[in-house]
There are 2 protein chains.
Amino acid sequence: MAEPNVLDVPWGPRAVTIYDVARHAGVAPSTVSRAFSRPGRVNAATAERIRRVADELGYRANPVARALSTARTNMIAVIILDIANPFYAEIVRGAQAAAAAAGYTVVLADAQESDRLERSALERAVTAVDGIVLASSRMSDSAIRMISKQKPVVVLNRAVVDVPCLVTDNARGARHAAEHLGALGHEHVTYVAGPEASWADGMRWWSLREAAAQLSLRVRRIGPFTPDVRGGVQAAEQFQAQPTSAVVAYNDQLAIGLIRGLAGRGIRVPGDVSVVGFDNIAAANLVTPGLTTVAAPLYTQGVTAARHVLGMIEGGRGRTGQPGVLPVRLVVRDSTAERHRDVRQRRRGPALAASPLAL
Amino acid sequence: MAEPNVLDVPWGPRAVTIYDVARHAGVAPSTVSRAFSRPGRVNAATAERIRRVADELGYRANPVARALSTARTNMIAVIILDIANPFYAEIVRGAQAAAAAAGYTVVLADAQESDRLERSALERAVTAVDGIVLASSRMSDSAIRMISKQKPVVVLNRAVVDVPCLVTDNARGARHAAEHLGALGHEHVTYVAGPEASWADGMRWWSLREAAAQLSLRVRRIGPFTPDVRGGVQAAEQFQAQPTSAVVAYNDQLAIGLIRGLAGRGIRVPGDVSVVGFDNIAAANLVTPGLTTVAAPLYTQGVTAARHVLGMIEGGRGRTGQPGVLPVRLVVRDSTAERHRDVRQRRRGPALAASPLAL
DNA sequence: CAATTCACGGCAACCGATTGCCTCACCGAT
DNA sequence: ATCGGTGAGGCAATCGGTTGCCGTGAATTG
């Protein structure tokens, strides 16, 4: 009778609050609140009764109200550039696991590779969450520093002065790639570059160059290309103009696209050209040939980043000194092989034959 | 002097509120609030002054406080089963675009294929967002109905009575696949099943069966398998015991894994076996051979779902009658071909030769 | 036995924005 | 001169928890 007909109301009667519970349990609202959030503060029997009443009424704390008074939302944002990029999946998983363990929820925001969208996502996030993991960003260093002044921020795969960062060991990765190719007899390596705004791209190219110099390999760079399969196909066209027997690509998508593009031009991998990628995305093991690539501990990176943010939320400022560096390893699959001088091997390679370069 | 040293405070002094703005502008807080949210309600000159002061002070409305009094968070949750599953990427993109257009933010929650995690994600979401898009779910119908009583919910790729749903035309998709295979001369099709809890799996198998009957094809079913590449590799083993010349897989990952697994056993696709997948994930076009698959308008599905949820939030209940059905199309690539009776074609197929079935 | 501590629960003031209602000033119209 | 209308702004309640402080009765202590 006093109960309104549930079917009439759009989405149920207004949710039950601590006030409802308090009334039914014959206590003050504050006691209800403490019964849940301050164990030991209220008498065990009372707490039990409150909990029972709350259960019967179907009470759920309103996180918005809680957030307003505590200034804690118990959420951290993970901002990724592109949800379609499998690279982020493991990072997100790791962050989610670490956050959940600490009672936090991860909200994911996808910037869709757009500076503008990233900004607006951040704009909202900064006021709505307790901390932020920027899993690679296209924004300027100073913009990131700005955000970092307002909320705990950890930046991934990029070094920003005065902001806690967590990067993978691109230098060592590039070195591994160079050594691997060198050991296979390659003497000339092309680097297929990703976005100019990418910090990782700079690191990878620079380190590859460095390593190549030490190993007496010659390197050159083509690009930039958009870091997806399409970009790789485009790269193939440009590569063909001046081919080399070995390629290191900014990431796996580029590498995969490149291999596709080469195949379309009758250039075989690894028969004619060896290709190394970066990131070890799931697809790297799906394509034919399997892609040799530099793998980073992505899950661990996610966990570490989230823990760090959480630490900054609870504690004080984070270490903003040197960026944390995560180890990498080279996963050797079938896209790299010994260099072949033997031209007979190339069955359908007129374009290559026309090239002045000896592969 | 009165200003505390910014460097001393963990994350800036307490954010500036409408009260600060009001004081500096010499008006009441309510006027500040209206200046922003109720255009025309305050004098243009006053509004302008308030806006200027707010800018100078760096005022940003606190979404939590706003949400508390309006009972609107302006967020919708999109819950996906597995962030690593590329299938969801386009859906999320579409939902995000539609939400953004309406001034809403999408928060993504990844259930990691776990009923428990999905539940807890939902548990939190239900109180923290205005509406929910369940992009496929492993929960029970009744649990979903429960949630749907509390907040606007739209379910994707699954039909739940009394809850607004949006599915792709699995029946037609299965028919297309069957017709395509039939036209290529295949007479016996194996369905490689996905999770039993998947509504889509049931639909696909059932419809395939139906279509096959009409086309006088014989079908059988193996599985269930986990809907990832690994599952597909396992399926290959089981398939080999009783091979057929054509296969329809629950989704692309399974199809890709199956092709891998078959290749490892010397069975070639499409030479020996034709394979059709579902979903048309990005990788379907990356693998070799390119995967023939049933494609659905995923982006559109995301847009539609979000619009629907938004409509329910603003308006009343949603239509819960028949589920909306989105059209599909068959993308023919290289994993399907004419059936070969010719055994010479199989160079390394002893296992197949041992089979009693004529392919 | 008096003094003090302690456990337990209630009161009420927040958190920051929104909004219904009221007041006041000023307008033209009667 | 009076009245109704209207534009502009302020007051204060409200959303639902949280938490500092206080009061009470009981237990502990010297």
Side-chain angles (χ1 to χ4, degrees), chain A residues 11-51 53-54 57-75 103 124 126-130 150, chain B residues 11-51 53-54 57-75 103 124 126-130 150:
Chain A
W11 271 279
R14 192 155 15 278
V16 2
T17 71
I18 52 167
Y19 296 93
D20 303 321
V21 176
R23 193 156 7 91
H24 282 77
V27 297
S30 51
T31 306
V32 176
S33 171
R34 282 192 276 253
F36 287 109
S37 53
R38 201 100 351 169
R41 180 62 174 74
V42 315
N43 183 293
T46 314
E48 180 49 37
R49 180 160 45 94
I50 291 176
R51 227 169 326 235
V53 172
L57 265 44
Y59 166 74
R60 323 246 59 175
N62 179 334
V64 174
R66 190 204 303 278
L68 183 56
S69 62
T70 59
R72 284 281 167 79
T73 60
N74 277 277
M75 303 196 295
R124 303 193 175 196
V126 83
T127 48
V129 302
D130 298 336
Q150 304 172 45
Chain B
W11 272 279
R14 190 153 19 277
V16 2
T17 72
I18 51 168
Y19 297 93
D20 302 319
V21 177
R23 193 158 3 92
H24 281 76
V27 296
S30 49
T31 306
V32 176
S33 171
R34 283 192 275 255
F36 286 109
S37 53
R38 201 97 356 169
R41 178 64 174 74
V42 315
N43 184 291
T46 314
E48 179 49 36
R49 180 160 44 95
I50 291 176
R51 227 170 326 238
V53 172
L57 265 43
Y59 167 74
R60 325 245 60 178
N62 179 333
V64 173
R66 191 206 301 280
L68 182 58
S69 61
T70 59
R72 283 281 167 80
T73 59
N74 278 276
M75 303 196 295
R124 304 195 175 193
V126 82
T127 49
V129 302
D130 299 335
Q150 305 174 44

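First the proteins, then the strands, lettered A, B, ... as listed; each starts at 1.
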**OP:** Measure across A:Tyr59 and A:Val16 and return the closest heavy-atom pair with its distance rounded to 0.1 Å.
**Re:**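 Result for this residue pair: CD1-O, 3.3 Å.
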Original post:
Roughly how far apart are B:Arg38 CZ and B:Ser30 OG, rounded to 0.5 Å?
Top reply: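 It is 12.0 Å, given to the nearest 0.5 Å.
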Original post:
From B:Thr17 OG1 over to B:Arg60 CZ, what is the distance, rounded to the nearest 0.5 angstrom?
Top reply: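 Nearest 0.5 Å value for the OG1-CZ distance: 14.5 Å.
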Rounding to a whole Å, what distance do you find between [X]:[atom1] and [N]:[atom2]?
| X | N | atom1 | atom2 | result |
| --- | --- | --- | --- | --- |
| B:Phe36 | D:dG9 | CZ | P | 14 Å |
| A:Ile18 | C:dA12 | CD1 | C1' | 13 Å |
| A:Asn74 | D:dG17 | CG | C1' | 13 Å |
| A:Arg49 | C:dC8 | CZ | C1' | 12 Å |
| A:Asn62 | D:dT18 | CG | C1' | 13 Å |
| A:Leu68 | C:dC15 | CG | C1' | 4 Å |
| B:Ile50 | D:dG10 | CD1 | C1' | 12 Å |

For [N], does OP1 or OP2 lie under 4.0 Å from any side-chain N or O of [X]?
| X | N | result |
| --- | --- | --- |
| B:Ser33 | C:dA17 | no |
| B:Arg38 | C:dT19 | yes |
| B:Tyr19 | D:dG10 | no |
| B:Ser69 | D:dT14 | no |

Original post:
Is a donor on one side and an acceptor on the other found under 3.5 Å between the side chain of B:Thr127 and the backbone of A:Pro63?
Top reply: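 Checking the backbone N and O of A:Pro63 against the side chain of B:Thr127, no donor-acceptor pair under 3.5 Å is found.
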Subject >> Test item: B:Thr73 side-chain N/O and B:Ala67 main-chain N/O as donor-acceptor pair under 3.5 Å >> reply: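 Flag not set: sc B:Thr73 to bb B:Ala67 has no pair under 3.5 Å.
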Nearest-nucleotide pick for [X], side chain only, options being [options]:
| X | options | value |
| --- | --- | --- |
| A:Ser30 | C:dA17, D:dC11, D:dT19 | D:dT19 |
| A:Asn43 | C:dA17, C:dG9, C:dT18 | C:dG9 |
| B:Arg41 | D:dT19, C:dA17, D:dG9 | D:dG9 |
| A:Thr46 | C:dG9, D:dG9, C:dA17 | C:dG9 |
| A:Thr70 | D:dG17, C:dG10, D:dT18 | D:dT18 |
| A:Ser37 | D:dT18, D:dG20, D:dC11 | D:dT18 |

Original post:
Does B:Arg60 get its side chain close enough to the base of C:dG16, under 3.5 Å, for a donor-acceptor pair?
Top reply: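 There is none.
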Would you indicate what [X] reaches in the nucleic acid, counting non-hydrogen atoms under 4.0 angstrom: base, sugar-phosphate, or nothing?
| X | result |
| --- | --- |
| A:Thr17 | sugar-phosphate |
| B:Ala61 | sugar-phosphate |
| B:Tyr59 | sugar-phosphate |

Original post:
Does any non-hydrogen side-chain atom of B:Val27 lie less than 4.5 Å from one of B:Arg49?
Top reply: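 They are in side-chain contact.
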**OP:** Let me know, please, whether B:Val27 or B:Ala65 comes out on the 5' side of the other along DNA chain D by nearest nucleotide.
**Re:**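 Here B:Val27 is the residue nearer the 5' end.
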